[in-house]
Amino acid sequence: MFSAIRAKQRKGILAMRMRIKATAVFAVAAASAIVLAGCSGGGTAGDDSSAVASSSLKSTGWSTADRASVKDGGSLTLPIDSAPANWQISNLDSGTVDDQTIAGTYLPSFIQFKENGEWEANKDYVDSIKLTKDSPQTVEIKINPKAVWSDGTPITEKDVAANWKALNGTDPAFAPLATNVWEDVDSVKQGSSAQDVLITFSKVNADWPSVFSSIYPSWAVDTPDHFNKAWAKGPYAADGKTYVSGGPYIVKSFDANGGVVTFAKNPKWWGDAPKLDTIIFKTVSRDGVAQAYANKELDAFNLNGSADNYKTANSRSDSKIERSLGTTQRQITLNGTADVFKDQDVRQAFAQAINRKVLSQAILSPVKSPGGVLNSLTYLPGQKGYTDHATSVYGYSTAKAKSKLEDAGYKIGSDGYATKGGKTLEVRFVIPSDNPNSANIAQLVQQQTKAAGFKVTIDTVPTDDFFTKYITTDGRDFDATYFAWQGTPFPVSSLKSIYYPADAGQNYSGVTDSSLGAAWDKANAELDATKRIADANAIDKKIVKVAGTIPLFAEPYAWGVRKDLVNYGPAQFQQYSVKWQDVGYKK
């Protein structure tokens, strides 16, 4: 899978989704909107007993073990696409999934995620974190008095206030990747002690917990210069020379040229003692990652939808394939501003002409993952609130697609293609080069929609230009395309910039429903979880009907993992809150 967040995208880290680009890595935090270009495939895996049914997948696929059964010592080596360009992951030059994974070893997170995606207080860092008042919305955080930065400085209200000032968007000099949630905060004040934090909101925001997964020390974010430069080369203490940590591990060495980061145990860590001696993040090319794993240079890796990777991972004698439900939402985006797709009925007809089950199986079967379809644009399978709203609009039927086109004034010619006013119904499907899965999807769509009267031409463009010149919200140089959004544990507010308004920064389709603005205002201000799910599903029905986005499938994770590795591996939501002190090898 190719993945990387757009460097200058300001919408994102914890309160929206992320789009993942066609090179590098994808960024994710608890509620970011990420886009992925199709994963890289290759070959076929053949039939074997590893094929699994969708119903057998859990949200967390790693092998779980209690601490008593985990060995003390050892080293874990994991691949990354690139080392951090800036260790301040809220900086515009940062924010990749690799950055987020690495940050989990040393940055405090006041919340953690359960297997089902619900959050809870992370007791390593806070005694409690809760909503104490609805009007004005007030949150109180009681920081664990034992929590300190590795230089001995206590973690306090001062750190939270500095994070708020840097990320709330009032001072453009900070230039953060995202301002979501923080921009709705009116004040951050100290309560009864330095560890008692009182946060008052100027506007109700139901996704308020999403910003508390990565907290920086005050000295790293207190000025625009510090925010943008203090951690450019590493996570430093106030002296700018010594590595600092607020987690179970601390940077031991950073080889920026080689792209290798080595972590050792943090001697000032107050929680359960880390099991591993060292954790190494090593830059490895996507072409070489499977062989590096087979050579036992790595201990786990994401197969990234590649049959060749699947085969190579199975060649290692002490390897196993672990799977979980995923957060990658594969979809087709239609340009509703293009002549061919200005009519909503034509967009719906195109969707009905696509057999989404076949597309799913084409991408997932090579790595023996189950190939179900995604029938919601809001929630993921396995997430509370997931409801099928897509089948009624996108249910596969060539006959219904033809009928809808005819109702829109088209006639099917002797060559099988639909025409209107002497013009053929032609769709330009843009995909990135060097991406077998994208090519596979485009070819299948071309074949399937032809039966309904669409003439699809495939335009393969340079990968580096895909999201900069073609798939943009200002130019929209495509009729249809294929990429993915990264789902999160906070799905509701993160969707808005994708579907509303029509000119929103992430609305690549360029179409919307005029009632969605009020619908999102209602949902984002609803603090009752059950009522908010109902609001979200009302939104889902509307955005499905607009048919600017055709959901295909939620891609399960499939990893090659060393057999004795426990408490780390593929996970749908718990990937955002790995307990690194519990990761290790089973006795």
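Hydrogens, waters and symmetry mates play no part in the numbers below; they use all other heavy atoms, side chains included.
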Would you call [X] and [Y] a side-chain contact if the rule is heavy atoms closer than 4.5 Å?
{"X": "Tyr482", "Y": "Val430", "value": "no"}
{"X": "Tyr568", "Y": "Leu78", "value": "yes"}
{"X": "Ile441", "Y": "Arg330", "value": "no"}
{"X": "Leu359", "Y": "Val445", "value": "yes"}
{"X": "Trp62", "Y": "Leu565", "value": "no"}
{"X": "Ile431", "Y": "Val461", "value": "no"}
{"X": "Thr449", "Y": "Ile354", "value": "yes"}
{"X": "Asn440", "Y": "Ile363", "value": "yes"}

For the residue pair [X] and [Y], confirm or rule out a side-chain donor-acceptor distance under 3.5 Å.
{"X": "Ser285", "Y": "Asp287", "answer": "no"}
{"X": "Gln446", "Y": "Lys455", "answer": "no"}
{"X": "Thr327", "Y": "Tyr557", "answer": "yes"}
{"X": "Gln506", "Y": "Ser497", "answer": "yes"}
{"X": "Ser319", "Y": "Tyr293", "answer": "yes"}
{"X": "Asp308", "Y": "Ser306", "answer": "no"}
{"X": "Asp388", "Y": "Thr391", "answer": "yes"}
{"X": "Ser509", "Y": "Asn507", "answer": "yes"}
{"X": "Thr312", "Y": "Gln291", "answer": "no"}

What are the two closest non-hydrogen atoms of [X] and [Y], and how far apart are they?
{"X": "Thr473", "Y": "Gly505", "value": "CG2-O, 3.3 Å"}
{"X": "Val511", "Y": "Gly336", "value": "CG1-CA, 3.6 Å"}
{"X": "Thr337", "Y": "Gly510", "value": "CG2-O, 3.8 Å"}
{"X": "Gly385", "Y": "Ile533", "value": "CA-CG2, 3.7 Å"}
{"X": "Ser433", "Y": "Pro462", "value": "OG-CA, 3.6 Å"}
{"X": "Ala451", "Y": "Thr398", "value": "O-CG2, 3.4 Å"}

Interatomic distance, [X] atom [atom1] to [Y] atom [atom2] [nearest 0.5 angstrom]:
{"X": "Ile89", "Y": "Asn91", "atom1": "CD1", "atom2": "CG", "value": "10.5 Å"}
{"X": "Tyr508", "Y": "Ile471", "atom1": "OH", "atom2": "CD1", "value": "9.0 Å"}
{"X": "Leu405", "Y": "Ile412", "atom1": "CG", "atom2": "CD1", "value": "6.0 Å"}
{"X": "Tyr396", "Y": "Lys357", "atom1": "OH", "atom2": "NZ", "value": "14.5 Å"}
{"X": "Arg356", "Y": "Ile332", "atom1": "CZ", "atom2": "CD1", "value": "10.0 Å"}
{"X": "Leu444", "Y": "Ser360", "atom1": "CG", "atom2": "OG", "value": "11.5 Å"}

### Message
Given Thr60, which partner from the list Gln574, Lys114, Gln572, Gln575 fulfils the side chain to side chain donor-acceptor pair (under 3.5 Å) test?
### Response
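Output: one option passes, namely Gln574.
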
Charged N to carboxylate O below 4.0 Å: is that the case for [X] and [Y]?
{"X": "Lys404", "Y": "Asp343", "result": "no"}
{"X": "Asp207", "Y": "Arg532", "result": "yes"}
{"X": "Asp477", "Y": "Arg428", "result": "yes"}

Would the distance check show the side chain of [X] and the main-chain N or O of [Y] forming a donor-acceptor pair, the cut-off being under 3.5 Å?
{"X": "Asp98", "Y": "Asp81", "result": "yes"}
{"X": "Arg347", "Y": "Leu334", "result": "no"}
{"X": "Gln448", "Y": "Asn355", "result": "yes"}
{"X": "Ser577", "Y": "Gln112", "result": "no"}
{"X": "Gln383", "Y": "Thr488", "result": "yes"}
{"X": "Tyr576", "Y": "Thr101", "result": "no"}
{"X": "Glu526", "Y": "Ala523", "result": "no"}
{"X": "Thr424", "Y": "Glu426", "result": "no"}
{"X": "Asn335", "Y": "Arg476", "result": "yes"}
{"X": "Asp513", "Y": "Lys542", "result": "no"}

### Criterion side chain to side chain contact (heavy atoms under 4.5 Å, CB included) on Thr64 and Asn567, from CA distance to verdict
CA-CA 5 Å; Thr64 302; Asn567 300 327; 3.8 Å; yes

Between [X] and [Y], is the gap from one ring center to the other below 6.0 Å?
{"X": "Phe113", "Y": "Phe573", "value": "no"}
{"X": "Phe483", "Y": "Phe466", "value": "no"}
{"X": "Phe490", "Y": "Trp119", "value": "no"}
{"X": "Phe454", "Y": "Tyr417", "value": "no"}

### Task
May I have the step-by-step check of side chain to side chain contact (heavy atoms under 4.5 Å, CB included) for His389 and Asn537, ending in yes or no?
CA-CA 8 Å; His389 295 128; Asn537 276 313; 3.2 Å; yes

### Query
Has Lys545 got more than 12 heavy atoms of other residues, nucleotides or ligands less than 6.0 Å from its NZ?
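Count not over threshold, so no.
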
### Message
So for atom NZ, which belongs to Lys450, do other residues, nucleotides or ligands contribute more than 12 heavy atoms lying within a distance under 6.0 Å?
### Response
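Result for NZ/Lys450: open.
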
### Message
If you apply the rule salt bridge (charged side-chain N to carboxylate O under 4.0 Å, His left out), what do you find for Asp299 with Lys563, and how did you get there?
### Response
CA-CA 9 Å; Asp299 298 302; Lys563 284 182 178 178; over 6 Å; no

### Query
Yes or no on side chain to side chain contact (heavy atoms under 4.5 Å, CB included) for Ile498 and Trp485, after CA distance, side-chain angles and deciding distance?
CA-CA 10 Å; Ile498 301 175; Trp485 292 102; 3.7 Å; yes

### Message
Does Lys320 form a salt bridge (charged side-chain N to carboxylate O under 4.0 Å, His left out) with Glu322? I'd like the steps, not just the answer.
### Response
CA-CA 6 Å; Lys320 60 182 175 181; Glu322 289 185 339; 3.0 Å; yes

### Query
How would you list, by chain and number, every residue that makes a side-chain hydrogen bond (donor to acceptor under 3.5 Å, both in side chains) with Ser324, sequence neighbours excluded?
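With sequence neighbours excluded, Ser324 shows a side-chain hydrogen bond (donor to acceptor under 3.5 Å, both in side chains) to no residue whatsoever.
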
### Task
Show your reasoning for whether side chain to side chain contact (heavy atoms under 4.5 Å, CB included) applies to Phe301 and Asn309.
CA-CA 10 Å; Phe301 82 111; Asn309 286 354; 4.0 Å; yes

